[in-house]
Structures are given as structure tokens and as C-alpha cells.
Peer 1: 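The structure that follows is given in the form of C-alpha cells.
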Amino acid sequence: MSAITVTGGPVERSDEVLTPEALDFLAELQTRFGGTRDELLAARRARREEVSKTGRLDFLEETREVRDGDWTVAEAPADFRDRRVEITGPTERKMAINALNSGAKVWLADLEDANTPHWANVVGGQVNLRDAVRGTIAFTSPQGKEYSLADPSNTPVIVPRPRGWHLDEEHLQFDGKPLVGALVDFGLYFFHNAKELLERGSGPYFYLPKMESHREARLWNDVFTFAQEHVGVPHGSIRATVLIETIPAAFEMDEILYELRDHAAGLNAGRWDYLFSIIKYFRDAGPDFTLPDRNAVTMTAPMMKAYSELLVKTCHRRGAFAIGGMAAFIPSKDPEVNDQAFAKVRADKEREAGAGFDGSWVAHPGMVDLCKEVFTGALGDEPNQLGKQRDDVAVSADDLLAAGRTPGDRTEEGLRGNITVGIAYLQSWLRGNGAVGIHNLMEDAATAEISRSQIWQWLHNDVTLTSGDKVTRELVDRLVDEEYAALEESVGKDAFADGEWEAARRLFVECALDPDFPDFLTLPAYAEVLRLEKA
Ligand SMILES: CC(=O)SCCNC(=O)CCNC(=O)[C@H](O)C(C)(C)COP(=O)(O)OP(=O)(O)OC[C@H]1O[C@@H](n2cnc3c(N)ncnc32)[C@H](O)[C@@H]1OP(=O)(O)O
Ligand SMILES: O=CC(=O)O
Ligand SMILES: [Mg+2]
């Protein structure tokens, strides 16, 4: 019997992943690393407090030697050198098969931004990943459509993304406390698949989200070192691509790669959480950081250009891959909207390929060929652009913090969009679906965070909209009423009554307006999921 208590309900085939040995491994991870995780979360809060007083972030003096030093990360394994197109998506069974059949080089199997950590998703995702690794995954839809792998010997490299450090897994209790969600997602996948993957000529590869410092990267590195030894696979088998998607992490790209150098595969420009992080970090720093409408902030804004080019420069200097981010446009049945979506994604991928990225993300199988074509044009006969050094790039702290130079307006339309998207996304999240198409854009936890934090920022920084209206609590409350009524109208009364709309609205208003800014939307939303489970 394991020392871990499983409090989650029954999930089909859970016995295959929640084995006593796997649970013992999770208990080991929690015992060794849970305390450091708690300390690092406290350090995040302290640093943000400090920044709110100084309004400033800078490159660290104490790690100058690492930035100036001459070192590289471990060479990429043979199956992981060509990453020109990576499809992202939840680990839901049908979507997993579609991703594996998509023709992409990599599947980012998402247990994070695109996933609600419902117990059924946490365990079901691991079951699906286990089958995906073994090439046996198959599915019959309720409509009777059969899904299986078109060519099990030629599928994308699988790269799961565990939860960020901030979320706990309440359904697994140890010593009277929940386990760290990230350790559960990592631990179960690693325990069941590391050896199998290595025998198949691949390896246990991961994306690591939402880190705020190189000390957090050091914790992951310690976890990896222990896990490899415990399970009996060579040191360095794990390869991690770190999302640079928080503003403090942008100042520690070298340091993060250095901490993980035996295990590092690259960095990814996670633009949506990055924007959220800039708003969150500088939410009370006044007009210099008050951004225009969410949809007006593109990758050509000075601060975004600086961040993405610094990422390419840093990666290639260290022999690590630079992977582009997500253009949120998805295919549409309306031909005109569809053409615009493809044109925008093409422009985004062309910018990335031209900047030297080695590949990029797409949100939908329909976009795989486009991304592949654009990057193939830039790569030529090479599998990547590691040889392309960006010595021409010189990025200062001021460049990274140039939020005030972002062109665009603050409009009522933008405010209404934030409200609609935020409420609609949260109601979907509460029901277990963490990725949705809304108004022809992919919405996930990161994009919803921007919506709610932007309202908070506008409200607390006395923003006046182009309409002449000042953003006040009264204005936001009125627009929430109107947008909520419009959502009910478009969804239909009966379907609306069956959803979690009231809870979504309550949560959204709390996260967007409460003076006490919740660090992550998903923290109160997860508490709501637990409450709904018990209801
Ligand atoms: C900020 C970030 O972190 S970005 C990364 C995290 N976000 C994501 O991964 C989002 C990924 N994308 C998605 O989840 C989806 O594309 C959505 C929810 C946006 C839209 O999905 P849908 O509404 O189902 O789109 P659509 O109806 O066009 O799908 C057509 C088919 O493609 C499949 N599909 C769509 N997107 C994906 C995907 N990313 N992976 C696998 N299959 C997919 C659908 O399942 C559907 O399959 P079917 O024909 O067998 O039923
Ligand atoms: O995870 C990616 C992002 O853009 O956020
Ligand atoms: Mg993200």
C-alpha cells in the first residue's frame, strides 16, 4: 500500500497508471522537492512585491559569469533535431490521435494551458499518453467514427507539458497535504514511459511552463537527476524545452539554460503568458505599463520583438533550439475569415523563421502544412537553424520593459471582448475543456489570464477608453451584465442553464476586479472545480 491517498473518483483504466510503484515514486518526489517548491513560490511573491515598489527588473548581477561564460547545452538526441512544426493540444483521446496523425514533427501534449486539471483529465491524459507512446492508441467516437494511428512508426515526437509550479493536485494526498501538480504530471509520465521511449529511439522530453527564475529551473534539474537515477535511465535522458513566458524569466534565459544544461533542449517564446506576466508584474506601475487592447499587442510591438529576438540569440549561442509561439488564429468555415486566419498565421511564422527560430507552434492540424512550408523555406536542407547566430541583436532591460511603446488603443470593444472571452472560457474550463475556439481565436488559460488581468490593470490605473469613458467598477459591472445577457442569448436558455455560467461569471469578476489580485485565474477556478465535484 502506498503512503499516498487517492481521493479522486473512479476513472477508466486508472489502475494502469496509479500503480503502487508509481504512487511511491510520486511520494518520493513530493518528499524531496515539495518543500523547495513552496519556498520558490514564496520567493516569487517577495520578488513581485519588490518590483511593485521599484517598478524595475534587471539582469542579475550575481549571475553575470554565467551570461558571460562560454558553455553550451547537451547536444539534441537524433529524433529531436528537426522541430520545424509542433502541434499543441490537450491529451484528450481523440485529439491526441489527431495530433499524432497531423504530420507535425512534435506533439506538445498539453497538461497545462489547454487542460482543466479535472481528475478525469489528469488520469485519462496519462492513460492516453501511455497508449500514444506504445503506438496503440485508438478511439471510437460516440457517433461511431473510428480513430487510430495512420502510421504508428512515423508519429510526432511526444513532449508533454506538466502543470506549472503553482498548482496542487488535490486528489492525491500525502502526509495530509496535496501533491504538487507539476510533480504528478511529470512523475506519472516519466515513471511509465521513460524506458519504453528510450527503447524506441526517443526519450522522455518535456516542455516546462511559467517559470519565473533560474532557481525554479534548478529545481526541475534536481527532479530530473533524481528521477533518472531512481528509474534507472542514463543521466541526460530527459530533455526539457523551457517556456520563456514570464517577464522575470526573460532576464534569466542564459541562467535557466545553464541550470538545465545536461537536460536542456531549448526555449520557447510563450507570448500569451508572457503578456499576462507583464501585466501582472507591473499591474500597479502606472501608464508606462498599461497596455492597449489585447488583440492590438502583436509580436512586432517593441517589447515583444526584443524578447523574441533575445530568445533566439541566447538559444543559438548555447546550442539550444529557439521555438516560436502560438498565433491564435484557427481555421474557420467562413472562407473570408479562414483566408485571413491563414494569412495572419503565415505572416507570424515567416517573421519567426526570418528571425532564426528553429520551428514553431500551431494550434490546429489544418495549420501544420503552412508552418512546415514556411520553416522549410528558411531551413533549406538543414533540420534547424542552430547555426544562425544573432550577434546583431542587442537587447537591454529597457527594451524588454518597453510596454509603454506598444502601439494601439484602449477601446470599449476591447473591454467587452475581454469580458466575453473570459467568462466563456472559464465556463468551458470549469466543465473540463481547457481549450476553446471563440470568435475564431484559440483561447486557453494564458489568453484568458490576459483578459482578466487587463481589466484589472485598466480599472486600477484610471484608464480612459477611446469612447471617452473612464474604466470604473460601475462601467465594468454594466458591461458584464450586457455581455452575460448576450452570451445567454447566443448559447440559448436551456443550454445556458445546463452550463456553469454563473460560477464562471462570479469567478471572472473576482479575478478581474478584486483589489487583491489572484496570482493565477486557475487557482480560484480549481477550488471551484473541487466545490462542484462535491456538490
Ligand atoms: C498559449 C498556449 O499555451 S497555446 C498551446 C495551448 N493551447 C492549445 O493547445 C490549443 C490547441 N487547439 C485546440 O484545442 C483546438 O484547435 C480548438 C479548441 C482551439 C478548436 O478545436 P475545434 O473547435 O474542435 O476545431 P475544429 O472543429 O476545426 O477541429 C477539426 C478537427 O481537428 C481536431 N483538432 C483541432 N485542433 C486540434 C489540435 N490542436 N490537436 C489535435 N486535433 C485537433 C478536432 O478534434 C477535430 O477533429 P475531428 O474532425 O476528428 O472531430
Ligand atoms: O504557453 C504558451 C503561451 O503563449 O502562454
Ligand atoms: Mg503559457
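In listed order, ligands and their atoms are each counted from 1.
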Peer 1: Would you mind listing which atoms of ligand 1 come within a distance below 4.0 Å of any non-hydrogen atom of D444?
Peer 2: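 Reading through ligand 1 atom by atom, the close ones are 1 (C), 2 (C), 3 (O), 4 (S), 5 (C), 6 (C), 7 (N).
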
Peer 1: Measure from atom 36 (N) of ligand 1 to the protein's non-hydrogen atoms and state whether any distance is below 4.0 Å.
Peer 2: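 It does; a protein heavy atom is within 4.0 Å.
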
Peer 1: I need the full list of salt bridge (charged side-chain N to carboxylate O under 4.0 Å, His left out) pairs touching residues 272-284, with sequence neighbours left out, sorted by first then second residue.
Peer 2: R48-D284, K210-D273

Peer 1: Are any of the N/O atoms on W272, whether in the backbone or the side chain, positioned under 3.5 angstrom from an N/O atom of ligand 1?
Peer 2: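 No, no N or O pair falls under 3.5 Å.
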
Peer 1: Taking the non-hydrogen atoms of P331, is any one of them nearer than 4.0 angstrom to ligand 1?
Peer 2: no

Peer 1: At a 4.0 Å threshold, what atoms of ligand 1 neighbour a non-hydrogen atom of K145?
Peer 2: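 Heavy-atom distances to K145 below 4.0 Å select 50 (O).
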
Peer 1: Would you mind listing which atoms of ligand 1 come within a distance below 4.0 Å of any non-hydrogen atom of A114?
Peer 2: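 Near A114, the atoms of ligand 1 are 6 (C), 7 (N), 8 (C), 9 (O).
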
Peer 1: Are the side chains of L100 and P156 in contact, using a 4.5 Å heavy-atom criterion?
Peer 2: yes

Peer 1: I'd like to know if the side chain of E86 reaches the main chain of V362, judged simply by a donor and an acceptor atom lying under 3.5 Å from each other, with no hydrogens or angles considered.
Peer 2: no

Peer 1: Determine whether a donor-acceptor pair (N or O, by modelled atom type, separation under 3.5 Å) exists between the side chain of T88 and the backbone of L108.
Peer 2: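 It does not hold such a pair.
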
Peer 1: Using a 4.0 Å cut-off to any heavy atom of A435, which atoms of ligand 1 qualify?
Peer 2: 10 (C), 14 (O), 18 (C)

Peer 1: If the criterion is any heavy atom closer than 4.0 Å to an atom of ligand 2, which residues make the list?
Peer 2: D113, R161, L243, E245, G270, R271, W272, D273, W361, A446

Peer 1: Which bit of V436 gets closer than 4.0 Å to ligand 1, counting heavy atoms only: side chain, backbone, both or neither?
Peer 2: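 Backbone only; the side chain of V436 stays clear of ligand 1.
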
Peer 1: Is there a protein heavy atom at a distance of less than 4.0 Å from atom 33 (C) of ligand 1?
Peer 2: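 Yes, at least one protein heavy atom sits under 4.0 Å from atom 33 (C) of ligand 1.
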
Peer 1: Which ligand 1 atoms does D113 reach within 4.0 Å, using its non-hydrogen atoms?
Peer 2: 1 (C), 2 (C), 3 (O)

Peer 1: Identify, by atom number and element, the atoms of ligand 1 in contact range of H364, meaning under 4.0 Å from any of its heavy atoms.
Peer 2: 16 (O), 25 (O), 26 (P), 28 (O), 29 (O), 30 (C), 35 (C), 36 (N)

Peer 1: At under 4.0 Å between heavy atoms, which part of E112 makes contact with ligand 1: side chain, backbone, both or neither?
Peer 2: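 Under 4.0 Å from ligand 1, E112 contributes no heavy atoms.
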
Peer 1: Going by the atom numbers of ligand 1, which of them fall below 4.0 Å from some non-hydrogen atom of R161?
Peer 2: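 Matching atoms, with element in brackets: 3 (O), 5 (C), 6 (C).
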
Peer 1: Would you say E449 contacts ligand 1, with heavy atoms under 4.0 Å as the rule?
Peer 2: no

Peer 1: Under 4.0 Å from any heavy atom of D110, which atoms of ligand 1 are there?
Peer 2: 6 (C)

Peer 1: Would Y147 count as a contact of ligand 1 if the rule is a heavy atom under 4.0 Å away?
Peer 2: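 Per 4.0 Å heavy-atom rule, Y147 contacts ligand 1.
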
Peer 1: Can you find a protein heavy atom under 4.0 Å from atom 48 (P) of ligand 1?
Peer 2: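 Looking at atom 48 (P) of ligand 1, one finds that a protein heavy atom does lie closer than 4.0 Å.
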
Peer 1: Does Y425 reach the main-chain N or O of G434 with its side chain, forming a donor-acceptor pair under 3.5 Å?
Peer 2: yes

Peer 1: With a 4.0 Å heavy-atom cut-off (strictly under), which part of M95 contacts ligand 1: side chain, backbone, both or neither?
Peer 2: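 Contact part for M95 vs ligand 1: both backbone and side chain.
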
Peer 1: List the residues meeting ring-ring contact (aromatic ring centres under 6.0 Å, His included) with H263, not counting sequence neighbours, and say none if there are none.
Peer 2: F224, H235

Peer 1: Nearest to atom 38 (C) of ligand 1 by heavy atom, A363, G325, A96: which?
Peer 2: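 The nearest heavy atom belongs to A363.
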
Peer 1: Do the numbers put R271 on top of the ring of Y274, so that NZ or CZ is under 6.0 Å from the six-membered ring centre and no more than 45° off the axis?
Peer 2: no

Peer 1: Regarding T241 and R83, do their side chains bring together a donor and an acceptor under 3.5 Å, going by distance alone?
Peer 2: yes

Peer 1: Please check atom 24 (O) of ligand 1 for a protein heavy-atom neighbour under 4.0 Å.
Peer 2: no

Peer 1: Using 2.8 Å as the cut-off, count the protein N, O or S atoms closer than that to the Mg ion (ligand 3).
Peer 2: 3

Peer 1: Counting the benzene-type ring for Trp, do Y484 and F508 have ring centres under 6.0 Å apart?
Peer 2: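 No, the ring centres sit 6.0 Å or more apart.
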
Peer 1: Are the ring centres of F375 and F357 closer than 6.0 Å?
Peer 2: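 So the answer is no for these two rings.
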
Peer 1: Can you find a protein heavy atom closer to atom 21 (O) of ligand 1 than 4.0 Å?
Peer 2: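 Under the 4.0 Å cut-off, atom 21 (O) of ligand 1 has no protein heavy-atom neighbours at all.
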
Peer 1: With a 6.0 Å cut-off on ring centres, are F33 and W220 close enough?
Peer 2: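 No, ring centres 6.0 Å or more apart.
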
